[in-house]
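Inspection log for the structure reproduced underneath, given as structure tokens.
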Amino acid sequence: MPELPEVETIRRSLETELTWRRIDAVEVRHPRPVRRQMRAADFADRLRNRRVVSLRRHGKFLLFDLDTDLVWVTHLGMSGRIQVADPGSPEAKHTHIVIGLDSGRELRFVDPRTFGFMVVLTPDELAESSLGRLGPDAYTALPRSRQLGAALAGRSAPIKALLLDQSILAGIGNIYADEALHRSRLAPQRPGGSLTNDELKALRAAIKVTLEAGLRWGGTSLDDLAYLLPDGRAGRYLSRLRVYGREGEACHRCGSEIRRAVIRSRSSFWCPGCQR
DNA sequence: ACCTCCCTGGCC
DNA sequence: GGCCAGGGAGGT
């Protein structure tokens, strides 16, 4: 499940393949991935003959700037993958969108669960979209602990739920939220507004270190391989996870048994021994 | 601020 | 055959 480190890894690996490439052909085979396009036909019409100028990311959203003022937005959802391949090479099941490039290669959007989407937006549409309500990027614009505290002040919701709220911080998902909380020794159930200044500092530092670690290892590919790099390689952070998916195993820090609980209908893993 | 739904592959 | 994974939109 692509979170910030996975999406950033994908963005970086696409940069050489896409920058200044012209889009020659657009084939949409399944309507659902373009559901966010107000007029479905706009997707292909707005992409065709445009060049990709730059590749940006905000939270889990990929933003490809075109040589007009249009922005090609991609969200990978739960199971979305972007592949760049030679036309005619074997296609993955659930290849929903195929975009031909003037390099002779093609970009394929593959997404079994179809939670992901692609859409091409004008600046106005972009501002009005959910991207306009995104909080600061958790990696490139991580707020100081003071600002983080201000955002969490008065909130009784569990800190785990607030870390997943993209309007507070953009880019953290279920895995990195649990990992950052373990690093900061905070229990996921703690009310967001209950964190002391020292705890806020620890949390901020933990978010930074956790995202950097994820990035360094190319992100987390779970056993389902829902997330893979565009060249098909897997991220290698899975074996370094400290709590996520480790229910019943020993905490590397204190030896206690990792527990799992459902918080806001999401699995949370934490160590009752060293997270308070 | 919270709940439900969307979707398929994989596993029991 | 049924359940689980879960990001984000939309509704209340």
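Sequence lines set the chain letters: A, B, ... in the order given, protein chains first and strands last, and positions in each chain run from 1. Only this structure's heavy atoms are used, side chains among them; waters, hydrogens and symmetry mates stay out.
- Applying the salt bridge (charged side-chain N to carboxylate O under 4.0 Å, His left out) test to A/Arg246 and every residue at least two apart in sequence or in another chain returns A/Glu249.
- Partners of A/Arg264 by salt bridge (charged side-chain N to carboxylate O under 4.0 Å, His left out), not counting sequence neighbours: none found.
- In this structure, A/His94 does not reach the B/dC7 phosphate: none of its side-chain N or O atoms is under 4.0 Å from OP1 or OP2.
- By the salt bridge (charged side-chain N to carboxylate O under 4.0 Å, His left out) test, A/Glu247 is found to be paired with A/Arg260, residues two or more places apart in sequence or in another chain being considered.
- Here the nucleotide nearest the side chain of A/Thr114, chosen from B/dC7, C/dG6, C/dG8, is B/dC7.
- A/Leu62 has its CG atom 16 Å from the P atom of C/dG7, to the nearest Å.
- Atom NE2 of A/His58 and atom C1' of C/dG8 are 15 Å apart (whole Å).
- For the pair A/Pro112 and A/Asp165, both in contact range of DNA chain B, the more 5′-proximal nearest nucleotide belongs to A/Asp165.
- End-to-end axis angle of the helix from B/dA1-C/dT12 to B/dC12-C/dG1, using five pairs per end and rounding to 10°, comes to 40°.
- In the set C/dG6, B/dC6, C/dG8, C/dG8 carries the atom at the smallest distance from any side-chain atom of A/His75.
- A salt bridge links A/Arg108 with A/Glu106: the distance from a Lys NZ or Arg NE/NH1/NH2 to an Asp or Glu carboxylate oxygen falls below 4.0 Å.
- If you take CE of A/Met78 and P of B/dC7, they are 15 Å apart, rounded to a whole angstrom.
- Separating the CZ atom of A/Arg264 from the C1' atom of C/dG7 is a distance of 15 Å, rounded to the nearest angstrom.
- A/Arg36 comes within 4.0 angstrom of sugar-phosphate atoms only, judged by non-hydrogen atoms across all strands, and of no base.
- When the C1' atom of B/dC6 is taken as reference, atom NE2 of A/His96 falls 13 Å away, rounded to whole Å.
- Residue pairs meeting the salt bridge (Lys or Arg N to Asp or Glu O under 4.0 Å) criterion with at least one member in residues 19-30 of chain A, sequence neighbours excluded, are A/Arg21-A/Asp102, A/Arg22-A/Asp24, A/Glu27-A/Arg29, A/Arg29-A/Glu91.
- Protein atom CZ of A/Arg266 is 11 Å distant from nucleotide atom C1' of B/dC5, rounded to whole Å.
- For the pair A/Arg155 and B/dA1, the criterion of a side-chain N or O lying under 4.0 Å from OP1 or OP2 is met.
- With rounding to whole Å, A/Glu3 atom CD is found 9 Å from C/dG6 atom P.
- Other residues sharing a hydrophobic cluster with A/Ile263 under the 4.5 Å side-chain heavy-atom criterion for ILVMFWY residues do not exist; the residue is a singleton.
- Stacking is not found between A/Phe115 and the pyrimidine-like six-membered ring of the C/dG8 base under the 5.5 Å centre-distance and 30° plane-angle cut-offs.
- With a 4.5 Å cut-off on side-chain heavy atoms, A/Leu107 and A/Gln83 do not count as touching.
- For C/dG8, one of the phosphate oxygens OP1 or OP2 lies less than 4.0 angstrom from a side-chain nitrogen or oxygen of A/Gln166.
- Not counting sequence neighbours, A/Arg276 has no partner by the salt bridge (charged side-chain N to carboxylate O under 4.0 Å, His left out) test.
- The phosphate of C/dG8 (OP1 or OP2) has a side-chain N or O of A/Lys60 nearer than 4.0 angstrom.
- Within the structure, salt bridge (Lys or Arg N to Asp or Glu O under 4.0 Å) pairs that include any residue of residues 160-170 of chain A comprise A/Lys160-A/Asp178 (at least two apart or interchain).
- One finds a side-chain N or O of A/Tyr244 lying less than 4.0 angstrom from the OP1 or OP2 phosphate oxygen of C/dG6.
- Contacts between residues 116-137 of chain A and DNA chain B, counted as heavy-atom distances below 4.0 Å, involve no residue at all.
- Comparing atom distances between the A/Arg32 side chain and each of C/dG6, B/dC6, B/dA1 picks out B/dC6 as nearest.
- OP1 or OP2 of C/dG6 lies within a sub-4.0 Å distance of a side-chain N or O belonging to A/Ser267.
- A salt bridge links A/Glu199 to A/Arg190: at least one charged side-chain nitrogen sits closer than 4.0 Å to a carboxylate oxygen.
- In this structure, A/Leu164 atom CG and B/dA1 atom P are separated by 15 Å, rounded to whole Å.
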